[in-house]
Number of protein chains: 2
Amino acid sequence: MMAKRTNNMADVLSSVPLFRKVERAEVVALAEQVRELQVERGEILFQRGDRPHGFYVLLEGRITLAFPSEQGAERILEVIKPGETFGEALMFLGHPYPVFSQASVDSRLLDIPEQAINNLLDRDTQLAKKMLAGISIRLHELVSNLEACSMRSSAQRVACMLQHAAPTKGAQEYDVQLPAAKHVVASQLNLTPETFSRVLHVLTESGLIEVSGRVIKVLNAEGLRKLQL
Amino acid sequence: MMAKRTNNMADVLSSVPLFRKVERAEVVALAEQVRELQVERGEILFQRGDRPHGFYVLLEGRITLAFPSEQGAERILEVIKPGETFGEALMFLGHPYPVFSQASVDSRLLDIPEQAINNLLDRDTQLAKKMLAGISIRLHELVSNLEACSMRSSAQRVACMLQHAAPTKGAQEYDVQLPAAKHVVASQLNLTPETFSRVLHVLTESGLIEVSGRVIKVLNAEGLRKLQL
DNA sequence: CGAAAAACTTGATTCTCATCAAGGTTTTTT
DNA sequence: AAAAAACCTTGATGAGAATCAAGTTTTTCG
């Protein structure tokens, strides 16, 4: 039953932050042009060098964007989480992807064709502003990432990441759930897994954090902040 | 003579990637809402934490965006050169600036108020797409920067920078005029001035480049490329 | 022009982090 | 439940880059 499928899809689209303010009729029209994808853990969505034909919204799962590299030591740039979009910037640019994207767990996502979004942009300036803001957020995050990457010591980079993950600014104690496997987080911080492990060990010995599996309990946010100097 | 001033301003705005495809009449309308600023060497344009009310186009001079830090060792994220825009991403976000901006020489720039952009966006949907492309380009540049930063060796980072500065793709010999003082360039590459100096020395000894002041003559682009592996 | 400041280079030393290697743990698969 | 795979930790070592220090050159400005 096609109408049903379109209706479901429209509901899904409306729940994505980017499309939340778009009129129902527009969303329904968009829903007919959108394709839902399932990818399995380890599957590659696109390779570095591929030409984009649209962009993606992740519904469920986890997608990593990374720079390829010989001898398998790729650098992970970003981990996409449900609700987030990716690939839109390259779509607008018409440049080939500088990174490749891989599902780190089984995932469900929407493929939004370039044509569909172009049509919508002509009619909905609210959406245009939202997309501008969305790409701006991306930019903002990349800037933070660069900031972290440019701090000299490994401990500083880790401390910075932990502070960013604080639920409320100024909280002294909180739990951080790592968004991915430790070696992935390490790569995002431009560290080797070994160094990351050692840093966590040192921070634990200093009484600043406690680690159990993928959960890190920050005990002394102020102490972490002092490392940044 | 107001009309002349507005015309000049419109010419400048038309040359900004963001407004390249906007109708002349609209650019002229925009030009009337734009303010020209003069800042002196060392002057701070905005501080980290300030709220944006628009964005900037640099006409003349040089603006550095940097993360503040105690003991004066701030990390320079980007050097804005004439013709480039900055601050637009944060304007759409409505977030405070994560960096501060400082004129490294006496500079002239345009301040484009948020209101003016909003008015234009409502009228011209093509403009929205162009702005999307503009921000996408910035994002892409940042990604490249991150990619460069994640390359391990100092020589690789310098070689990468020199390749990016090539006038035509594939040229074997060309001159590179460094956009700023060597210590600034070093900081962009996340190197100390000392290390940067040593790397240039080594590359010179290998016969790959020749350095005289702020001009670097690339003698063997292919040799530089081979370093990247 | 000449003094002062800033920018740049070079050398010696220290320290951080990647690499290599091996063992332990958790998760997934069968 | 056992086997396999992926993930994580820990140790030893070496290479590369930061730091410290001292000169040299270039730029700025009275």
Side-chain angles (χ1 to χ4, degrees), chain A residues 40-42 61-62 64 69-76 79 102-106 148-159 178-205 209-216 227 229, chain B residues 40-42 61-62 64 69 71-76 79 102-106 148-160 177-205 209-216 227:
Chain A
E40 286 181 12
R41 171 204 171 95
R62 207 128 296 191
T64 60
S69 142
E70 305 70 24
Q71 68 257 81
E74 81 260 9
R75 166 89 201 281
I76 291 158
V79 179
Q102 185 176 36
S104 61
V105 299
D106 293 354
C149 155
S150 70
M151 290 195 298
R152 278 173 309 282
S153 97
S154 54
Q156 284 177 336
R157 297 217 283 281
V158 174
L178 294 182
K182 287 206 180 107
H183 71 97
V184 172
V185 176
S187 174
Q188 281 188 278
L189 296 169
N190 206 15
L191 297 173
T192 57
E194 292 96 324
T195 300
F196 186 54
S197 177
R198 285 186 246 267
V199 168
L200 290 181
H201 190 221
V202 168
L203 293 179
T204 301
E205 295 231 310
I209 64 172
E210 264 170 22
V211 182
S212 66
R214 215 163 273 180
V215 177
I216 297 177
L227 286 181
L229 310 181
Chain B
E40 285 177 14
R41 171 204 168 99
R62 204 128 297 191
T64 61
S69 144
Q71 71 251 80
E74 81 261 7
R75 158 98 166 99
I76 294 161
V79 179
Q102 185 176 36
S104 60
V105 300
D106 293 356
C149 158
S150 69
M151 291 195 296
R152 279 173 307 281
S153 97
S154 54
Q156 283 177 338
R157 297 216 281 282
V158 174
C160 175
Q177 166 81 244
L178 292 182
K182 287 209 180 103
H183 72 98
V184 173
V185 176
S187 172
Q188 282 186 283
L189 296 169
N190 206 15
L191 298 174
T192 57
E194 293 95 326
T195 301
F196 185 54
S197 177
R198 285 186 245 267
V199 168
L200 289 181
H201 190 221
V202 168
L203 293 180
T204 301
E205 296 231 310
I209 63 172
E210 263 170 23
V211 182
S212 66
R214 213 163 273 180
V215 176
I216 297 177
L227 286 181

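Order of the sequence lines fixes the chain letters, A, B, ..., with proteins taken first and strands second; residue numbering starts at 1 for each chain.
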S.K.: Given atom CG of A/Leu191 and atom P of C/dC17, what is their separation to the nearest angstrom?
M.R.: 8 Å
S.K.: Rounding to a whole Å, what distance do you find between A/Arg75:CZ and C/dA18:P?
M.R.: 11 Å
S.K.: Is any side-chain N or O of B/Thr192 closer than 4.0 Å to OP1 or OP2 of D/dA17?
M.R.: no
S.K.: Within the structure provided, determine whether A/Arg157 and A/Val199 are in side-chain contact (heavy-atom separation under 4.5 Å).
M.R.: no
S.K.: Between A/Asn190 (CG) and C/dT16 (P), how many Å, whole number?
M.R.: 18 Å
S.K.: Think A/Ser153 has a side-chain N or O under 4.0 angstrom from the OP1 or OP2 of C/dT16?
M.R.: no
S.K.: Send over the distance from A/Gln156 CD to C/dC15 P, rounded to a whole Å.
M.R.: 16 Å
S.K.: Just the rounded figure in Å: distance from C1' of C/dT16 to CZ of A/Phe196.
M.R.: 17 Å
S.K.: Looking only at non-hydrogen atoms, find the nearest pair between A/Ala180 and A/Arg214 and report the distance.
M.R.: O-CD, 3.5 Å
S.K.: So which nucleotide from D/dA17, C/dT19, C/dA18 ends up closest to the side chain of B/Ser154?
M.R.: D/dA17
S.K.: Which nucleotide, D/dA18, C/dA21, C/dT10, lies nearest any side-chain atom of B/His201?
M.R.: C/dT10
S.K.: Nearest-Å distance, CD (B/Glu194) to C1' (D/dA21)?
M.R.: 10 Å
S.K.: If you check every side-chain atom of A/His183, which of D/dC8, D/dA17, C/dT10 has the closest atom?
M.R.: D/dC8
S.K.: Under 4.0 Å between any heavy atoms, over every strand shown, what does B/Arg41 touch: base, sugar-phosphate, or nothing? Just pick one.
M.R.: nothing
S.K.: Answer yes or no: does a side-chain N or O of B/Ser197 lie under 4.0 Å from OP1 or OP2 of C/dC8?
M.R.: no
S.K.: Please state whether the phosphate of D/dT9, meaning OP1 or OP2, lies under 4.0 angstrom from any side-chain nitrogen or oxygen of A/Lys182.
M.R.: yes
S.K.: Could you give the CG-to-C1' distance, from B/Leu189 to D/dA17, as a whole number of Å?
M.R.: 14 Å
S.K.: With the side chain of A/Arg198 defined as its heavy atoms from C-beta on, choose the nearest nucleotide among D/dA18, C/dA7, D/dA12.
M.R.: D/dA12
S.K.: B/Val184 vs B/Arg62, test: side-chain contact (heavy atoms from CB on, under 4.5 Å). Steps then yes/no.
M.R.: CA-CA 12 Å; B/Val184 173; B/Arg62 204 128 297 191; over 6 Å; no
S.K.: To the nearest angstrom, how far is B/Leu200 atom CG from C/dA7 atom P?
M.R.: 17 Å
S.K.: How far apart are the C-alpha atoms of A/Leu203 and A/Leu227, what are their side-chain angles, what is the distance that settles it, and do they pass the side-chain contact (heavy atoms from CB on, under 4.5 Å) test?
M.R.: CA-CA 10 Å; A/Leu203 293 179; A/Leu227 286 181; 3.7 Å; yes
S.K.: Considering just the side-chain nitrogens and oxygens of B/Arg214, establish if one lies under 4.0 Å of OP1 or OP2 belonging to C/dC8.
M.R.: yes
S.K.: Distance from A/Arg41 atom CZ to A/Ser104 atom OG, nearest 0.5 Å?
M.R.: 8.0 Å
